[in-house]
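What follows is a short report on a single structure.
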There are 4 protein chains.
Amino acid sequence: MKKEDANQFIKRFLSTRRQTIELCKPLAVEDFVAQPVSDVSPPKWHLGHSTWFYEALILGNYDDDYREFDKRYNYLFNSYYESAGERVQRPNRGYMTRPTVEEIIKYREYVEEKLMNFIRKNPDKIDGNLEYILELGIQHEQQHQELLITDFKYILGHNPLFPVYKEYIPEEGEGNNTRENFIEVDEGVYEIGYRGDGFSFDNELCIHKVFLHPFRFQDRLVTNREYMQFMEEGGYRRFNFWLSEGWEWVRTNNIFAPLYWHQIDDSWYVYTLSGLEELNPGDPVTHISYFEADAYARWKGKRLLTEFEWEIAAGKFEPAPGKGSNFVEKENFRVLPPAHGSVQFFGDAWEWTGSAYLPYPGFREAGGAIGEYNGKFMVNQMVLRGGSCATPVKHIRRTYRNFFHPHLRWQYTGIRLAESDK
Amino acid sequence: MKKEDANQFIKRFLSTRRQTIELCKPLAVEDFVAQPVSDVSPPKWHLGHSTWFYEALILGNYDDDYREFDKRYNYLFNSYYESAGERVQRPNRGYMTRPTVEEIIKYREYVEEKLMNFIRKNPDKIDGNLEYILELGIQHEQQHQELLITDFKYILGHNPLFPVYKEYIPEEGEGNNTRENFIEVDEGVYEIGYRGDGFSFDNELCIHKVFLHPFRFQDRLVTNREYMQFMEEGGYRRFNFWLSEGWEWVRTNNIFAPLYWHQIDDSWYVYTLSGLEELNPGDPVTHISYFEADAYARWKGKRLLTEFEWEIAAGKFEPAPGKGSNFVEKENFRVLPPAHGSVQFFGDAWEWTGSAYLPYPGFREAGGAIGEYNGKFMVNQMVLRGGSCATPVKHIRRTYRNFFHPHLRWQYTGIRLAESDK
Amino acid sequence: MKKEDANQFIKRFLSTRRQTIELCKPLAVEDFVAQPVSDVSPPKWHLGHSTWFYEALILGNYDDDYREFDKRYNYLFNSYYESAGERVQRPNRGYMTRPTVEEIIKYREYVEEKLMNFIRKNPDKIDGNLEYILELGIQHEQQHQELLITDFKYILGHNPLFPVYKEYIPEEGEGNNTRENFIEVDEGVYEIGYRGDGFSFDNELCIHKVFLHPFRFQDRLVTNREYMQFMEEGGYRRFNFWLSEGWEWVRTNNIFAPLYWHQIDDSWYVYTLSGLEELNPGDPVTHISYFEADAYARWKGKRLLTEFEWEIAAGKFEPAPGKGSNFVEKENFRVLPPAHGSVQFFGDAWEWTGSAYLPYPGFREAGGAIGEYNGKFMVNQMVLRGGSCATPVKHIRRTYRNFFHPHLRWQYTGIRLAESDK
Amino acid sequence: MKKEDANQFIKRFLSTRRQTIELCKPLAVEDFVAQPVSDVSPPKWHLGHSTWFYEALILGNYDDDYREFDKRYNYLFNSYYESAGERVQRPNRGYMTRPTVEEIIKYREYVEEKLMNFIRKNPDKIDGNLEYILELGIQHEQQHQELLITDFKYILGHNPLFPVYKEYIPEEGEGNNTRENFIEVDEGVYEIGYRGDGFSFDNELCIHKVFLHPFRFQDRLVTNREYMQFMEEGGYRRFNFWLSEGWEWVRTNNIFAPLYWHQIDDSWYVYTLSGLEELNPGDPVTHISYFEADAYARWKGKRLLTEFEWEIAAGKFEPAPGKGSNFVEKENFRVLPPAHGSVQFFGDAWEWTGSAYLPYPGFREAGGAIGEYNGKFMVNQMVLRGGSCATPVKHIRRTYRNFFHPHLRWQYTGIRLAESDK
């Protein structure tokens with residue numbers, strides 16, 4: 001690594017680290033501890049884990065002088081890396097009241113200091129592989145920034161006091177989103193996957209060809225207004241719109257609306273990070289499961305895009321986030337109607353696709369802990385594309401593949417419809 | 001329907017019905033009742049359900065003179081058809097000791113009689129749609145013939161007395177299967193799906209094109225000998241071969257070998273429908289989950305075929321079952337090495353593919369109960385191809401898509417490896 | 001053992017064995033297999049287990065010439081005797097379709113033959129201890145006769161066809177039971193426990209004194225009519241009548257009536273072993289849990305008797321079953337109003353007492369498997385007294401202590417009220 | 001209430017409130033949030049709930065001018081009082097990060113202020129019943145002081161960092177406890193229950209007589225040294241010492257030592273509120289379940305006292321806490337050998353008795369929420385006597401009945417042996 005690149009890296013590293021802390025500012029100390037469901041981690045765990053990543057995968061492996069801040073933290077802050085040893089079982093993270101937030105902040109500062117020193121002193125020791133892992137550290141922290149937001153939304157949003165994270169003042173004229181437009185993409189053999197010099201995950205590599213039949217995609221996300229129509233027509237009570245597992249999920253969990261929706265005296269309210277507020281019908285619907293996205297599309301006589309259709313359509317009509325794209329830097333912390341001129345592929349809400357999360361042809365995992373990043377999750381999950389209002393804009397790409405189990409709703413997820421002839 | 005076709009149909013119908021009863025002959029009455037796990041149904045339920053299908057979907061809808069054998073049977077023998085009303089919850093089937101087997105046999109005969117009369121009297125009333133449903137009744141019963149075998153294998157195989165269903169005398173020279181050969185298929189745009197005049201399920205229709213990169217497939221199934229090597233090299237103890245959910249499945253269920261394997265005094269035994277016997281190393285490995293198939297392939301540095309690769313490869317090298325193909329009519333009730341000259345695409349064991357079970361482009365469900373046959377299961381399951389030693393040979397096709405959840409093992413399932421350059 | 005006593009014993013032994021088979025006659029083979037809940041065992045298991053008891057605890061230990069009918073049966077038919085080795089886990093009994101009923105009958109006959117030969121040949125070898133175990137074998141089988149009835153009632157009563165076990169013709173004038181009478185017992189130091197020469201269980205021994213304050217007991221069981229009043233006044237909807245765990249049980253299991261009650265078009269029906277029939281308001285209420293018995297008593301402003309009060313009251317007013325007592329030999333298989341002149345302490349329904357099942361002062365368990373009969377269950381269960389319409393009359397005593405967990409309802413259980421001044 | 005008594009009450013009230021806050025001082029804010037198991041509540045919940053009790057049961061009912069601090073707190077801080085309305089389900093308490101600890105402290109101060117004003121202004125309005133409830137408020141808070149200690153012991157003790165709550169310096173010569181002495185109590189009719197002018201719970205009232213046979217009680221608690229001998233002789237591996245449910249509990253939860261014991265390199269360590277330390281063999285064993293207490297006693301050929309024997313024995317030999325009694329005011333937060341001259345009935349550890357928690361003869365619940373305090377828990381729990389090192393000394397009495405489910409271990413519980421001649 002050139003010294004100049006090293007400096008550049010440190011700058012981006014520090015800016016990422018600062019951003020993590022910034023996002024936590026509105027929280028009370030108590031908010032850092034809870035883990036109301038297994039998928040949601042305590043914010044303080046995210047702070048520790050995104051630090052442990054640098055310690056365990058970089059300093060511990062490459063810096064001979066490094067001494068751990070506290071040996072026991074490996075056990076506390078390892079997430080799922082089997083190769084990094086035993087760890088606190090995921091559902092128990094919420095019981096770990098120590099180290100305190102203050103101690104974790106010290107841990108963060110310690111590791112930041114050591115990492116910067118290591119890079120400054122040894123830029124020549126940093127080969128391409130290590131450079132990739134360093135970059136992965138930043139990307140990894142960006143992912144946890146998004147999780148921080150969705151996780152404390154879950155924690156605050158399940159508290160009967162409905163605390164406000166940040167006030168929101170809607171802009172004039174917001175929320176009129178009634179255009180109804182489908183855009184056509186021609187059939188053909190297309191190229192899928194990341195081709196470029198920047199960072200990408202292993203699951204986007206392996207450029208390969210796919211044949212696509214002609215299709216049309218809706219030029220925006222489905223709105224609350226539209227989704228409420230689905231509900232009014234018995235969406236949650238009629239089995240025939242649902243996948244069998246989806247229907248079971250609806251009945252077992254007594255689901256009758258998206259997550260965070262509350263019906264009070266015949267009106268719909270929704271919890272956002274600005275507190276409980278009346279539902280805005282023009283906003284895109286969000287916090288819905290794949291099952292709900294799929295059921296909505298069937299009810300409408302349409303379907304979801306495949307991840308390949310999405311990637312190709314974006315390539316043609318909106319290959320990268322635009323100025324108006326609603327990412328975390330906008331600090332809206334909510335989904336909004338598309339900016340003028342945008343087809344809303346990027347930001348606002350992750351779009352469920354009809355594609356299962358599977359390896360691309362030729363996919364091969366990296367060795368060691370890095371190899372546990374993506375490949376081992378390639379079963380029983382569906383691909384999402386495009387990023388959300390909680391995603392850092394620099395984290396996203398047209399070829400970026402996110403993935404979740406089909407029943408999960410605590411991420412900012414949304415629906416885009418597709419259709420084909422025949 | 002022409003009268004001639006009606007007669008033809010009745011002939012095939014009766015032969016299918018007889019075959020069901022034939023398969024049950026070696027059972028004791030007691031064996032018809034048990035349901036040791038939710039996926040396995042009591043044999044007596046299969047007998048009733050495959051009869052109910054004709055009653056509820058055909059006679060009840062099309063024969064105005066039809067009177068139900070017993071109105072309460074609809075509740076007892078509906079499987080999962082929401083549109084056909086309430087039903088005994090799946091895990092409770094094993095508690096329904098009545099009707100007795102004898103009464104169900106009477107029910108079968110009653111419905112057979114009524115159906116034949118209806119067809120004989122009204123061949124002209126039978127339009128294309130009804131003809132399809134009639135045929136579906138036979139296909140449905142064939143599926144339950146396969147389930148009958150795997151289900152009573154499960155019931156008998158989990159009994160400490162290891163009862164024999166049918167003795168088996170191995171043929172001379174059986175079980176030497178050491179050839180190691182991969183066959184190449186070229187890249188190209190290929191056509192997928194069923195094109196023909198015969199019966200097929202809705203999930204095979206919607207012919208469409210896929211682009212395949214060049215690949216090679218193993219010309220036979222993986223053997224017990226090979227699989228034991230995987231086990232000896234720590235296959236079940238080393239997390240890095242496994243999908244994350246697979247590894248959790250291994251640990252939660254304490255899995256250390258395929259289903260029906262028993263280690264007694266350092267030797268491996270296996271329960272087959274001929275009782276507990278020493279494992280034959282040359283036989284293909286069977287009763288393994290997708291997780292195990294995938295882990296084995298990773299350990300070997302290979303992968304599974306996609307369902308598209310399988311369909312195209314079969315089209316080129318073995319487009320249909322051959323004379324030696326080991327289907328249920330052979331009455332082996334066990335997987336065997338490939339017949340001379342066969343690449344074993346058909347029979348023996350269903351082959352797990354690396355493809356998730358998803359709709360083909362343009363897929364649209366039928367209306368009513370028929371529409372609940374396939375589409376609503378298109379999430380969280382993996383595709384299997386080729387049929388097994390428990391499948392009726394007439395039931396299978398090159399384009400036939402079977403599907404199961406990745407952890408299931410009670411079907412005759414097997415592994416075929418694939419590889420590509422790069 | 002004297003030869004004469006040996007002959008007497010054999011006579012009683014055979015009569016008990018015959019009675020077991022007699023009770024099973026109305027069943028279909030299929031009914032012998034199912035285990036709808038863990039507490040209910042398949043009838044075929046009872047047949048095997050009550051035979052295994054003689055084999056494992058008597059023949060296996062005392063008869064040197066004895067050869068087991070099938071060594072593997074020990075694993076299949078041991079219930080909970082840790083000292084007798086590994087066994088099929090209780091909830092899995094319903095999956096053991098083999099041995100067949102016919103084979104178990106052969107097993108029964110084999111063991112009967114061997115046991116009789118052993119006794120005939122070796123009356124002198126039979127000391128007091130062995131005599132006790134032999135008698136225990138009979139008593140044990142009587143207990144399983146009662147369980148046979150309650151278990152196939154559960155199996156048939158949860159079948160939507162509501163099969164009839166035995167028709168019942170009510171006697172003239174039955175079911176008018178409106179007397180409302182409480183009988184007083186004086187305070188004093190009383191003696192509790194079995195004192196006599198006959199058989200008794202270890203849990204009744206250890207005669208000891210208790211001080212009883214004055215109390216009054218209702219001279220009959222609570223009726224359906226009375227219980228329906230409790231229901232009509234919100235019995236199952238008002239928490240304040242319930243123990244906390246009882247209230248949780250009601251809500252978790254959605255309980256709103258006794259077991260086997262069905263509300264059809266505003267009328268109450270009840271499943272009895274004669275099929276589904278209209279509820280007779282004058283019959284005693286049965287198949288209720290301790291939670292329900294206790295809630296009913298609170299609603300009424302009364303309480304249940306303690307087991308000591310019961311034993312003393314019975315001693316004074318009905319020390320043993322009378323002619324009209326409704327035990328299994330009457331073949332009613334249902335609870336009935338008290339016979340003329342009876343205070344209904346014996347037969348009809350086991351009476352929940354307000355006493356926890358605990359050891360009497362000085363209680364000491366026997367050694368070996370016999371020691372596992374009673375003592376190890378002395379926690380979290382409540383005592384019941386008096387026997388039911390499913391109990392053999394020779395099995396019961398005034399000092400007999402039965403015990404079940406407070407939520408269980410599949411036995412014939414009933415309510416008798418008590419009250420004290422102050 | 002006389003003005004003087006009112007002033008006295010306020011003094012005791014404030015001192016109790018202060019003590020609660022005092023006990024929390026060593027905690028970090030984070031420690032107030034977690035609920036690692038359902039039985040353990042977050043310390044911040046205890047702070048809120050013990051305040052809510054005054055608000056909901058006193059101010060809300062009796063002070064017409066009272067305005068709630070926050071209406072939504074009723075939902076958050078009600079524990080189990082059905083009559084006080086809906087509430088956060090117990091296992092969800094740990095997810096309520098708001099109100100913050102600081103806000104709860106304000107809530108406490110608000111309610112304290114209002115309660116004192118109410119009492120000062122209206123001493124004449126306070127009748128005997130309200131006086132009882134006021135006193136109950138203090139007693140209730142004392143119970144939660146004990147729970148605070150055991151709950152944050154659980155939270156800190158399950159953290160891999162083993163945080164120190166308070167350092168402990170052992171006194172010279174501590175821990176030699178080898179005396180082996182049983183003291184005899186004669187048979188007779190004895191009086192049980194609270195007779196006096198002070199406060200007592202409803203479950204201690206209803207003085208009544210019991211007959212006790214002669215017995216002997218051990219003059220101290222069982223020590224770690226003795227308990228380790230039980231362990232070394234296979235205590236946790238041999239079923240015959242255990243109640244059936246106890247044995248299932250041992251195997252299901254893989255229990256092999258008391259709670260908080262850790263085996264490290266062949267030595268036993270124990271977590272105390274002073275951190276992880278080497279086990280002191282002379283200290284009484286604590287944090288054991290009823291199952292363990294009972295199993296230990298059986299292994300020793302002894303038994304536990306009944307609650308009646310305990311009460312009578314204490315009446316004769318140690319009717320009230322002595323100077324050396326180890327209660328929470330000593331700030332040891334650990335069990336210790338008995339003080340010189342004491343038979344250790346009071347303090348150190350709650351003693352499991354062999355008595356189920358049942359109503360005394362004539363027991364009648366109070367109306368309203370107060371009535372839900374004790375009676376509704378009278379099933380499936382065992383009685384404990386004597387208080388522990390976490391109990392306020394003023395809270396305890398000879399007649400005090402504590403109760404827990406037999407598997408619970410997070411309280412300071414211990415074992416005292418008993419024996420009788422048979």
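First the proteins, then the strands, lettered A, B, ... as listed; each starts at 1.
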### Query
What residues of residues 254-278 of chain D sit under 4.5 Å from chain A when you count only heavy atoms?
none
### Query
Is it the backbone or the side chain of A:Val101 that comes under 4.5 Å from a heavy atom of chain D, or both, or neither?
both
### Task
Check whether A:Pro99 gets within reach of chain D through its side chain, its backbone, both or neither, counting any heavy atom under 4.5 Å.
both
Could you tell me whether the side chain of [Y] reaches within less than 4.5 Å of the side chain of [X], counting heavy atoms only?
X	Y	answer
D:Pro160	A:Arg98	no
A:Thr100	D:Asp31	no
D:Leu161	A:Leu76	yes

### Summary
Separation between CZ (A:Phe32) and CD (D:Glu30), nearest 0.5 Å, reads 9.0 Å
### Message
Under a 4.5 Å cutoff for heavy-atom pairs, which residue among A:Ala28, A:Gly94, A:Pro163, A:Pro36 has the most contacts with chain D?
### Response
A:Pro36
## Note on the structure
Under 4.5 Å to a heavy atom of chain A? For D:Tyr75 that would be side chain
